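The residues of the chain are indexed from 1 along the displayed sequence. Remember, predicted model here, so these are calculated numbers, not experimental data.
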Amino acid sequence: MHKDSGSSDTPNYLGRIRHRKRPSEVSADANKANGSKLLVNDRNKYKSMLIRTYSSVWMIGGFTFIIYMGHLYIWALIVVIQIFMAKELFNLLRRANEERQLPGFRLLNWHFFFTAVLFTYGRFLSRQLVNTVTSDKLLYQLVSGLIKYQMFICYFLYIAGFVWFILTLKKKMYKYQFSQYAWTHMILLMVFVQSAFTVANIFEGIFWFLLPASLIIINDIAAYFFGFFFGRTPLIKLSPKKTWEGFIGASITTLISAFMLANIMGQFQWLTCPRKDLSTGWLHCDPGTLFKPEYFSVPRCMHQWFPWKEVAILPVQWHALALGLFASIIAPFGGFFASGFKRAFKLKDFGDSIPGHGGITDRMDCQMVMAVFAYIYHQSFVMPQSLSVEMILEQILRNLTFEEQQFLYEQLGNIFQARQLLQA
């Protein structure tokens, strides 16, 4: 009887227990109840917007000044950005306890980083470096030798780092050390492969760096403000604050901006001329057919709405539309990838170096995807496919010694003299 009464009392006691919802569960239910309204109505959104806007103004101002300074300063900016990105990414998987037991292990990461700097930019900027020192014979021979043996030097430095890593292996730390080694190589691959294309774009003409970078900035700003004021429909689960309204509004804004900016930037030789050396002087060149206006007549039926009878359009503006389409539709997936990556490591941002934006990596996720596309598009659809005088000269300066170049010069002189005699 006692057992029965005890068993009968237990359900009644448990029946009186109520489950109290945790704050996270309450907010989740509220999200479901309110639906899309929370995307627009956020108490702290105006404060966040002011901080973000203030930081953006400073970044755009500094970026504009560096563009004015020229190619070499832009390249230096890219290197600084790479250093900050590498620092943020190196810190993601670090553990303080293990680091204390491995003195000098962090220095090994930076050894691989600067080896990658030498390898990447030694390959991409060999032509500019040679053209800079052609007036000094001794310096020219030194630089030519460095370029010739650049791959061997980089390989030797990498092997030195590899041996260094093996010698630092410690018992009970193998798993951590090898994971850091693999993570370091993943960072270098992600940062340098894409940033190298950015530098290549700069020396093909600042236009091919500035336009794609500007389109990403415009797309990001437009998506933020369209989503801020009109966003109601979530776009992707990886980024809860991204909305369809922001995505569509930003896409339209980016395409219009691409067409207009290409016309404005195409007027300045400082932006359109390629840089053949590492000097900082002003540039003057033949802009080429891409930057020479073509005139199109406006149909008579549109004269009452349109004040001009003909419109001048630069051919490069059609290429800009392709860049704008990629920047508005595909490049944002670089940001989605970064969002998923941060969720995997339970991070809000990669860093806190930019107030309101997070770290440098948070701002460069879409830029890196865009830089690769801009370079490939330029090489595939803009660059002439046949050999040019500049390409032949580059091969001569890069692959022939100073004596071989003198011999080639003399042989060409003999050929020209023989032709002149035949024509006479």
### Side chain to side chain, Asp365 and Phe341, heavy atoms closer than 4.5 Å
no
### Message
Let me confirm one number: the OG-CD1 distance from Ser214 to Ile264, rounded to the nearest 0.5 Å.
### Response
10.5 Å
#### Entry: With sequence neighbours excluded, residues passing disulfide (SG to SG under 2.5 Å) with Cys273
Cys285
### Message
List the residues meeting ring pair (Phe, Tyr, Trp, His ring centres under 6.0 Å) with Phe337, not counting sequence neighbours, and say none if there are none.
### Response
none
### Query
Can you name the closest pair of heavy atoms from Cys366 and Pro332 and give their distance?
SG-CA, 3.9 Å
### Query
Side chains of His319 and Leu323: does their closest heavy-atom pair fall under 4.5 Å?
no
#### Entry: Verdict with supporting geometry, Val199 and Thr120, side-chain contact (heavy atoms from CB on, under 4.5 Å)
CA-CA 10 Å; Val199 176; Thr120 303; over 6 Å; no
### Message
With no hydrogens and no angle check, just 3.5 Å: does a side-chain donor-acceptor pair link Thr243 and Thr233?
### Response
no
#### Entry: side-chain contact (heavy atoms from CB on, under 4.5 Å) evaluation trace for Gln194 with Met364
CA-CA 11 Å; Gln194 303 186 63; Met364 295 303 298; over 6 Å; no
### Message
Do Phe225 and Thr53 have side chains that approach each other closer than 4.5 Å (heavy atoms only, starting at C-beta)?
### Response
yes
### Message
Restricting to non-hydrogen atoms, name the atom on Gly231 and the atom on Glu245 that form the minimum distance, rounded to 0.1 Å.
### Response
CA-OE1, 3.8 Å
### Message
Does atom CH2 (Trp244) have a neighbourhood of more than 12 heavy atoms from anything else shown, all under 6.0 Å?
### Response
no
## Note on the structure
In Leu314, Ile313, Val316, the residue satisfying side-chain contact (heavy atoms from CB on, under 4.5 Å) with Asn263 is Leu314
### Query
Atom CD in Gln420, atom CD in Gln417: separation rounded to 0.5 Å?
7.0 Å
### Query
Once you round to the nearest 0.5 Å, how far does NZ of Lys342 lie from CG of Asp362?
4.0 Å
### Task
Say whether, by atom type as modelled, one donor and one acceptor occur between the side chain of Glu204 and the main chain of Met383 under 3.5 angstrom.
no
### Task
Any chance you could measure Gln82, atom CD, to Met368, atom CE, to the nearest 0.5 Å?
10.0 Å
### Message
Using side-chain heavy atoms (C-beta onward) and a distance below 4.5 Å, is Leu92 in contact with Leu89?
### Response
yes
### Distance in Å, Tyr155 OH paired with Ile159 CD1, rounded so as to fall on 0.5 Å steps
3.5 Å
### Query
Got more than 12 heavy atoms from elsewhere within 6.0 Å of OH, Tyr68?
no
#### Entry: Side chain to side chain, Ile78 and Tyr121, heavy atoms closer than 4.5 Å
yes
#### Entry: Residues, nucleotides or ligands: over 12 heavy atoms within 6.0 Å of Phe90 CZ
yes
### Query
Taking all non-hydrogen atoms of both residues, which atom of Ala327 and which atom of Leu215 are closest, and how far apart?
CB-CB, 3.9 Å
### Task
Look at the side chain of Asn91 and the backbone N and O of Lys87, then say whether any donor-acceptor pair between them is shorter than 3.5 Å.
yes
### Electrostatic pair Asp349-Arg363, nearest N-O below 4.0 angstrom
no
### Atom of Ile217, atom of Gln367 and distance for their closest heavy-atom approach
CG1-NE2, 3.8 Å
### Query
Near Met59 CE, under 6.0 Å, is it more than 12 heavy atoms from other residues, nucleotides or ligands?
yes
### Task
Test Asn109 against Trp183 for side-chain contact (heavy atoms from CB on, under 4.5 Å), laying out the working first.
CA-CA 10 Å; Asn109 291 337; Trp183 179 236; over 6 Å; no
### Task
Apply side-chain contact (heavy atoms from CB on, under 4.5 Å) to Lys242 and Phe336, showing your working.
CA-CA 9 Å; Lys242 299 289 192 300; Phe336 301 151; 4.0 Å; yes
### Check: Leu278 and Phe203 side chains under 4.5 Å, non-hydrogen atoms
yes
### Task
May I ask you to decide if the ring planes of Tyr377 and Phe373 are parallel, tilted or perpendicular, using 30° and 60° as cut-offs?
tilted
### Query
Is there a side-chain contact between Met69 and Ile74, using heavy atoms and a 4.5 Å cut-off?
no
#### Entry: Polar side-chain atom of Arg275 near backbone of Gly205 as donor-acceptor pair, under 3.5 Å
no
### Message
Are the side chains of Trp208 and Tyr375 in contact, using a 4.5 Å heavy-atom criterion?
### Response
no
### Task
Determine the minimum heavy-atom distance between Gln177 and Lys170, stating which atoms define it.
OE1-N, 2.9 Å
### Query
For atom CZ of Phe296, is the number of surrounding heavy atoms from other residues, nucleotides or ligands below 6.0 Å larger than 12?
yes
### Task
Determine the sole option in Phe113, Phe178, Tyr158, Phe165 for which the ring-ring contact (aromatic ring centres under 6.0 Å, His included) test with His185 is passed.
Tyr158
### Message
Using every non-hydrogen atom in the two residues, find where Ala371 and Thr198 come nearest and quote the distance to one decimal.
### Response
CB-OG1, 3.0 Å
### Query
Is the closest side-chain donor-acceptor distance between Asn219 and Ser328 under 3.5 Å?
no
### Query
Looking at Phe291 versus Phe207, is the centre-to-centre ring distance below 6.0 Å?
yes
### Query
Is the gap between the ring centers of His284 and Trp270 under 6.0 Å?
no
### Message
As an exercise, state the distance from CG of Leu107 to CH2 of Trp110, rounded to the nearest 0.5 Å.
### Response
10.5 Å
